[in-house]
Amino acid sequence: MLTNQQNTMKFTLGIEEEYQVIDPETRELVSHDQKIVAEAAKKIGEQCKAEMHQAVVEVGTNICNDITDAKEQITGLRRTISEISNDLGFKIGAAGTHPFSKWETQLITPNPRYDEIVNELQDTARSNLIFGLHVHVGMEDKQMAIHLVNAMRYFLPHLYALSTNSPFWEGRNTGFKSFRSKVFDKFPRTGIPGVFDNYAQYEHYINLLVKTKCIDNPKKIWWDIRVHPYFPTLEVRICDVPLTVNETVSIAALIQAIIAKLYKLRCQNLNFMNYHRALINENKWRAGRYGIDGKMIDFGKECEVDTRLLMGELLDFVDDVLDDLGSRKEIEYINEMLKLGTGADRQLAVYEKSKDLTKVVDYITEQTILGI
């Protein structure tokens, strides 16, 4: 149970998802020429936004009080964008990469911000045709936020393994359960962050990058987890966008629960060990390559452990905060995810049966609207 002090923490949620815009006939990614965003603005305001590539739309919830609120909002957003897309002659898909469309043929959204990024990053930006899930958890205390980011880094590969949903890239089976991260790794300031002793040290880092013209604003730090530069949140950015809304909600609930548990430990003067980024990267590599079917390293025991077993241990770790968060049902669904396989596992199964990547795209678009 959380103490009274900890119960005053809301651990509010915000969820952002990036969707593929797909031509129903060719199953290719296609530019929607901002028509989806324009129509969505009439119904949900700024909750739907354009992205750098014209074949991408992003949605974001408002601040959610709990996981039930988050589920209602993200379900409504998927439904709204799907309906608008259908009316305009498109479909949407939720997967970390498209199975066969090539980035070289995709149009960039006209926008000074995107022009600047492409001018600076060149083909690393043009080829960044990927689709992620970003989960925000409310945390106004910046000092506490830095502590929680430090501790949370250890669990990022676990979350990544569970979300893997991008096995294909430009018509090839990459051999990875998540190739999305390999594409994004070409960007600067990505991946697992290092440890910062306090928020002042983190601020000094940001100010130094701005002063030396490495960046012009802190949003250009694209780590797998960060203290958000403008919102009072921690933002977890490592996950592929999941196929189904239930998977998104359960992963968001798990992120919230881990942060709540680490906060609880901190309030009891207990700390989770901070491991070196180089060690955590070993597990991130394994998570991207093998998903939930591989092994990761238990650094405390200094041995390999089946990832599925580690997922069970993680669920046990957060169990005592679930009832106060009201997320036990959503966390229990993770056991179903472990049985069904990740989005990558299911995409690969469709391909093994059909040997046809258009069937994989059809599966993605069907799963995206499942249950909404």
| Stepwise, does the salt bridge (Lys or Arg N to Asp or Glu O under 4.0 Å) test hold for D123 with K186? | CA-CA 9 Å; D123 270 8; K186 298 193 293 287; over 6 Å; no
| request: Using the six-membered ring of Y351, assess whether NZ or CZ of K355 lies under 6.0 Å from its centre and within 45 degrees of the ring axis. | output: yes
Which class fits the ring pair [X] and [Y]: parallel under 30°, tilted 30 to 60°, perpendicular over 60°?
X: H158; Y: F155; answer: tilted
X: F90; Y: H32; answer: perpendicular
X: Y263; Y: F11; answer: perpendicular
X: H228; Y: Y230; answer: perpendicular

Heavy-atom pair of closest approach, residues [X] and [Y]:
X: T212; Y: L208; result: OG1-O, 2.7 Å
X: S166; Y: R180; result: OG-N, 3.1 Å
X: A70; Y: L13; result: CB-CD1, 4.3 Å
X: T342; Y: A161; result: CG2-O, 3.5 Å
X: Q34; Y: A50; result: OE1-CB, 3.0 Å
X: I225; Y: V236; result: CD1-CG2, 4.0 Å

Aromatic ring proximity, centroids under 6.0 angstrom, [Y] and [X]:
X: F184; Y: W223; value: no
X: H98; Y: F100; value: yes
X: Y19; Y: F131; value: no
X: W285; Y: Y160; value: no

Check the side chains of [Y] and [X] for a donor-acceptor pair under 3.5 angstrom, ignoring hydrogens and angles.
X: N207; Y: E203; value: no
X: Q347; Y: N165; value: yes
X: T307; Y: Y290; value: no
X: T164; Y: D240; value: no
X: T244; Y: E247; value: yes
X: R346; Y: Q367; value: yes
X: T109; Y: E51; value: no

[X], [atom1]: over 12 other non-hydrogen atoms inside 6.0 angstrom:
X: Q122; atom1: CD; value: yes
X: E104; atom1: CD; value: yes
X: K220; atom1: NZ; value: yes
X: K359; atom1: NZ; value: no
X: L315; atom1: CG; value: yes
X: Q201; atom1: CD; value: yes
X: K182; atom1: NZ; value: yes
X: K329; atom1: NZ; value: no

[Y] backbone acceptor or donor facing [X] side chain under 3.5 Å:
X: T368; Y: I364; result: yes
X: D306; Y: L309; result: no
X: S85; Y: K91; result: no
X: N150; Y: F196; result: yes
X: T80; Y: L77; result: no
X: R289; Y: G175; result: yes

| query | side-chain hydrogen bond (donor to acceptor under 3.5 Å, both in side chains) with R27: which of D362, T358, T365? | reply |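 Result: among D362, T358, T365, D362 is the only option passing the side-chain hydrogen bond (donor to acceptor under 3.5 Å, both in side chains) with R27.
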Roughly how far, to the nearest 0.5 Å, is [atom2] of [Y] from [atom1] of [X]?
X: M152; Y: D224; atom1: CE; atom2: CG; value: 11.0 Å
X: Y154; Y: N283; atom1: OH; atom2: CG; value: 6.5 Å
X: E170; Y: T105; atom1: CD; atom2: OG1; value: 8.5 Å
X: I84; Y: I92; atom1: CD1; atom2: CD1; value: 9.5 Å
X: M337; Y: S163; atom1: CE; atom2: OG; value: 8.0 Å
X: I74; Y: E16; atom1: CD1; atom2: CD; value: 9.0 Å

| request: Might you work through the side chain to side chain donor-acceptor pair (under 3.5 Å) test for S250 and E330, ending with a clear yes or no? | output: CA-CA 5 Å; S250 287; E330 289 75 18; over 6 Å; no
| said: Could you go through E46 and K49, starting from their C-alpha distance and side-chain angles, then the distance that decides it, and tell me whether this counts as salt bridge (Lys or Arg N to Asp or Glu O under 4.0 Å)? | reply: CA-CA 6 Å; E46 295 184 356; K49 297 179 180 179; 5.5 Å; no
| task | Using the rule that two of Ile, Leu, Val, Met, Phe, Trp, Tyr join whenever any of their side-chain heavy atoms come within less than 4.5 Å, decide whether I117 and W103 are in one cluster. | result | yes
| said: Test salt bridge (Lys or Arg N to Asp or Glu O under 4.0 Å) on R226 and E235; report intermediate values, then the result. | reply: CA-CA 5 Å; R226 66 182 182 181; E235 183 186 13; 2.6 Å; yes
| said: Test salt bridge (Lys or Arg N to Asp or Glu O under 4.0 Å) on K261 and D319; report intermediate values, then the result. | reply: CA-CA 9 Å; K261 179 58 180 278; D319 187 77; over 6 Å; no
